[in-house]
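Just so it is clear, the model here is predicted, and its values are computed rather than measured.
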Amino acid sequence: MTTRLRGRVDGVVQGVGFRPHAYRLASELALGGFVLNDERGVVLEVEGEEGAVEAFRLRLGAEAPPLAVVESVDWRAVTPAGERAFAIRTSARAGEASAPVAADAATCDACLAELWDPANRRYRYPFVNCTDCGPRLTIVEGVPYDRARTTMAGFTLCDACRAEYEDPTDRRYHAEPNACPVCGPQVWIRDVVTDDPIRHAAHALAGGAIVAVKGLGGYHLACRADDEAAVARLRARKHREEKPFALMARDLAAAWHLVHPSDAAGATLTSRERPIVVAPRRPDARVAAAVAPRSADLGVMLPYTPLHHLLLADAGGPLVMTSGNVSDEPIAFHDDDAHDRLAPIADLFLVNDRPIRTRVDDSVVRGPVLLRRSRGHAPAALPLPVAARRPVLAVGAEQKNAFCLAKGGRAWLGHHIGDLENLATLEAFEDGIAHFQRLFDVRPEVVAHDLHPEYLSTKHAMDLDGVELVAVQHHHAHLAAVLAEYGVTGPAAGAIYDGTGLGTDGTIWGGEILVGDLRGFERVAHLHPVRLPGGAAAVREPWRMACAWLLEAGAEPPPALVEAAGGRWDAVSRLARSELAPVTTSIGRLFDAVAAIAGVRTHASYEGQAAVELEALASGIDDAEPYEMDALDPRPMIRALTRDIIAGADRRRVAAAFHATIARATAAALAATGAGTRVVAGGVFANRLLLERLPGDVLVPRRVPVNDGGIAYGQAAIAAAAT
C-alpha cells in the first residue's frame, strides 16, 4: 500500500546536514517526496510503500547527523502524489523565523584527515570544514541558514567546491562555509611577505614573540606557554596582572602533560564544543609560573579550527591563547579595530579575510559546571517550563553578562558579553541583542531586568519603548535558571551564593536560602549580615571584609593582617561600625574575609581571586574537621579559625576546614526547608570543593553558567511565567 507522510522537524536541523541525511535515507528506502528548509526548521514529505515510510519515520531522528538536535517531528498523513523520486527543494520563508541556529563546532575527524593529507587538495588549508563541523553562529547573518545569509557570501565557489556543495551524497552538500585554497578565504601575516604564514607565526612564537591570531569568533593573543619572559610581557602589555591565562595544547596527550587526566575532563576537552577546561594542574607541567600564579588549576583547550591545528603542530608546544583585548574590553573581531587595539600588545598579526559576524569568546568549564557559555554552546536553544505567551527579552546582570530572548517554549541564551563596565562592552551587548532578534524573529513585548537601577543592563531595559518591564530579584533569577534547566515548575529550595545582588530590602544579598518557583520566592534564611566597608573597594581589598567580620565576631586580628592594611585598619574599623557602610549577606565576601585572615590574599587584582586562591590552598586536604557554625552564622567559625591562624596552625588545614564548614552548613540549611527539590547556584558554587561536599541529590546547573552568565535565562523564565 502506498502512503505519504508530511513531517515538520523542529530543532537544530539547518546547516548540519539534515536535508542530505533525509535524501540519502529516502533514496535507500526507494521513497519519493522532498525536503526543504523554512523559517522554522525542516519540512519534508515522503511517499512509498507503507513499511518503507514507517522505517523512514523511525530512522530520521535516530540516525540524524552529529550536529543535529531533533527536538520534535510532527507527522501527519497527506494524499499521495505519485512521486517516485526524492528531491531537496529550495529554502522557503513565509512566516516568523524560529529555526535554531547551530553553534560553531570543532573540526571533525574527516576534515582533519584531509588537512594532513599531502595528496588532498585541501592539504594544510586553514579553513577546511563540512556539514559536521566549522563556523555557524560566528558567520550567520540570517535564516534560513544559506550561504547568501552568511559572511561567506562574498566567496564564489570554484567548480570543484560547487560540485560538492550541490551533491546530496557528499558531506559538503550545502555546507555553507565550504571553501578550498582556490576559492576560499586566505591567511597571511600583516605587513610581512611570506610563503607560509602559519609556519612563519610558529617560528616567531618559538622566538618569544606575541602573536595576534584571528580565529573563529575573534582574535586571540598567543605566546609560548613555557616562555616566562614572553608571558610576562603579555601580562604587562595586556594589563592583566594575575588572572590566569588559558592554554591550548596540540592534542589530548599534550593536555595530560599540563593537567591531571580524568575521563570527565577528557570527554569535555574533546567534545565538539571544545571549551577551555579548568582542571587540576600537574606539578611537573612545563608552563611559565606567570601563566596561572598561585592557582592549583590550569585552563586548557584543544584546537578547534584547522588554523589552530596547524599552528599548534608547527609551534611544537602548548601556547597561551588568551582573548585578544586589553583587560576588561570585549574581544576584538573586526580587523582594523583589532590592529588598532592590539598593536601595542602583539609583535605579529596572523590574519585572514573571512569576516566574523558575531564575536564569540571561548566557553569555560570547571568540573560539572559552566563558567562561561559561549563558543560551541551559544545559541543552542534552552527549554522554558512555562511557555512565553509574549516574546521576552531578558537583559541579564552587570557582570559576566549574557542576554536571553524567549518565544513560545524556547529561550535563546546569548553568548558571553562580559562585564558591562564600558562603552565598548555595552555596544557589544546591544549589537548581540539586535542580531539575535533578527535571527530568531523576536520582537520583545516583555523585558526582564535586575532590580539594581544602576546596572547598565537595567538602564538599557528602562530606555526601551512600548514594552512591559518585569523587575526580577537577582537571586530569584539564579534559582529560576536552575529550575528552568531541569524543567521544574513546583516549589524548590535554593542555596544561592555569590558576591553581590540587590535584595528586596535594599541590602546587598549573596548568601541566601530561598524557597520558591518561577512565580515567586520567600527568603527563609541568609548569612549573618555584616557591613561592607568601602563598598566596591572591599572587593578589591579583601582585608576590609576581614576587618568587618573580625569586628562582628569579636575576634582580634592577626598582626600580619593589620600590617597589610597599610595604616588604614583603624579607619576602616570605624567605617565598618558606621551606617555609612552598606549591609551585606554575601558569602563571596565571606570567602574574601577568610582568605585575608589566613594570609592568602589581602589585595585582589580580579573578581574572585581571593576565593580561588583559598580553594587552591585547601585542595588535597580531605579530612579537615568543620568548625562550629550555627545555621548560617559564621561568627563562631571566624573566632576559631582566627585563633588557629594566630597560633601558627597549618593554613592548608584551616582553609580546608572552612570549606567543610560552609558545605555542611549549606546542606543543613537546605534540609531545614523541608523542600523535596533542592538546588544551588551563584558564582560561589564554581568552587569544586564545595560541590564535592554537597549531597548527591542537589541540582547543579550544567547547561547554563552557575554564575551571573545564567541570570538572563532565569529572568526570561520568570517573565514567561508571570506574563
Side-chain angles (χ1 to χ4, degrees), residues 12 66-67 69 100-107 133-140 213 215-220 243-249 252 255 259 264-279 297-305 308 320-325 330-331 333 356 358-382 396 399-404 411-419 428-429 432 436 481 485 608 681 683 685-686 688 700-713:
V12 183
L67 298 185
V69 179
V101 175
D104 304 285
T107 311
C133 67
R136 296 292 191 279
L137 173 63
T138 49
I139 63 168
V140 67
V213 181
L216 193 62
Y219 278 75
H220 282 109
K243 191 174 183 179
F245 285 137
L247 304 177
M248 183 176 280
L252 195 57
V259 295
T268 306
L269 279 166
T270 56
S271 67
R272 68 189 184 203
E273 293 84 6
R274 288 292 199 282
I276 298 169
V277 174
V278 180
D297 295 332
L298 290 174
V300 181
M301 60 181 155
L302 300 185
Y304 53 86
T305 71
H308 290 136
V320 167
M321 195 71 74
T322 188
S323 298
N325 58 6
I331 185 173
F333 73 115
I356 298 170
T358 301
R359 74 175 97 217
V360 180
D361 284 275
D362 297 311
S363 294
V364 183
V365 174
R366 187 173 195 244
V369 298
L370 269 169
L371 302 185
R372 184 194 294 166
R373 184 183 185 273
S374 205
R375 177 190 51 75
H377 290 277
L382 296 164
Q399 293 186 319
K400 301 176 177 62
N401 180 273
F403 59 85
C404 186
W412 292 277
L413 181 59
H415 50 289
H416 170 80
I417 299 295
D419 296 349
F429 165 78
F436 270 50
E485 176 181 336
F685 287 105
R688 188 186 295 119
V700 178
R702 296 178 185 272
R703 296 182 63 191
V704 298
V706 70
N707 53 36
D708 282 6
I711 284 283
Y713 178 51

Validation row: [X], [Y] side chains within 4.5 angstrom (heavy atoms):
X      : Y      : answer
Val364 : His416 : no
Leu247 : Val320 : yes
Thr270 : Leu302 : yes
Leu137 : Phe436 : yes
Leu413 : Pro705 : yes
Arg702 : Val369 : no
Tyr304 : Leu216 : yes
Arg274 : Met301 : no

For the NZ atom on Lys243, are there more than 12 heavy atoms of other groups (residues, nucleotides or ligands in this structure) within a distance under 6.0 Å?
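No - once you tally the heavy atoms of other residues, nucleotides and ligands closer than 6.0 Å, there are 12 at most.
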With a 3.5 Å distance limit and no angle check, can you tell me whether [X] reaches the backbone of [Y] through a side-chain donor-acceptor pair?
X      : Y      : result
Arg272 : Pro66  : yes
Ser363 : Arg375 : yes
Arg688 : Phe685 : no
Glu485 : Arg703 : yes
Thr138 : Thr358 : no
Asn401 : Asp419 : no
Arg359 : Ile331 : yes
Asp362 : Pro275 : no

Give, for atom [atom1] of [X] and atom [atom2] of [Y], the distance between the pair rounded to the nearest 0.5 Å.
X      : Y      : atom1 : atom2 : value
Tyr713 : Arg373 : OH    : CZ    : 9.0 Å
Ile417 : Arg372 : CD1   : CZ    : 11.5 Å
His308 : Met321 : NE2   : CE    : 5.0 Å

Grab the two heavy atoms, one from [X] and one from [Y], that are nearest each other, plus how far apart they are.
X      : Y      : result
Ala381 : Trp412 : CB-NE1, 3.8 Å
Ala255 : Leu269 : CB-CD1, 4.2 Å
Pro379 : Ala102 : CD-O, 3.9 Å

Do Ser374 and Asp361 meet the criterion of a side-chain donor-acceptor pair at a distance under 3.5 Å?
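The answer is no; no qualifying pair exists.
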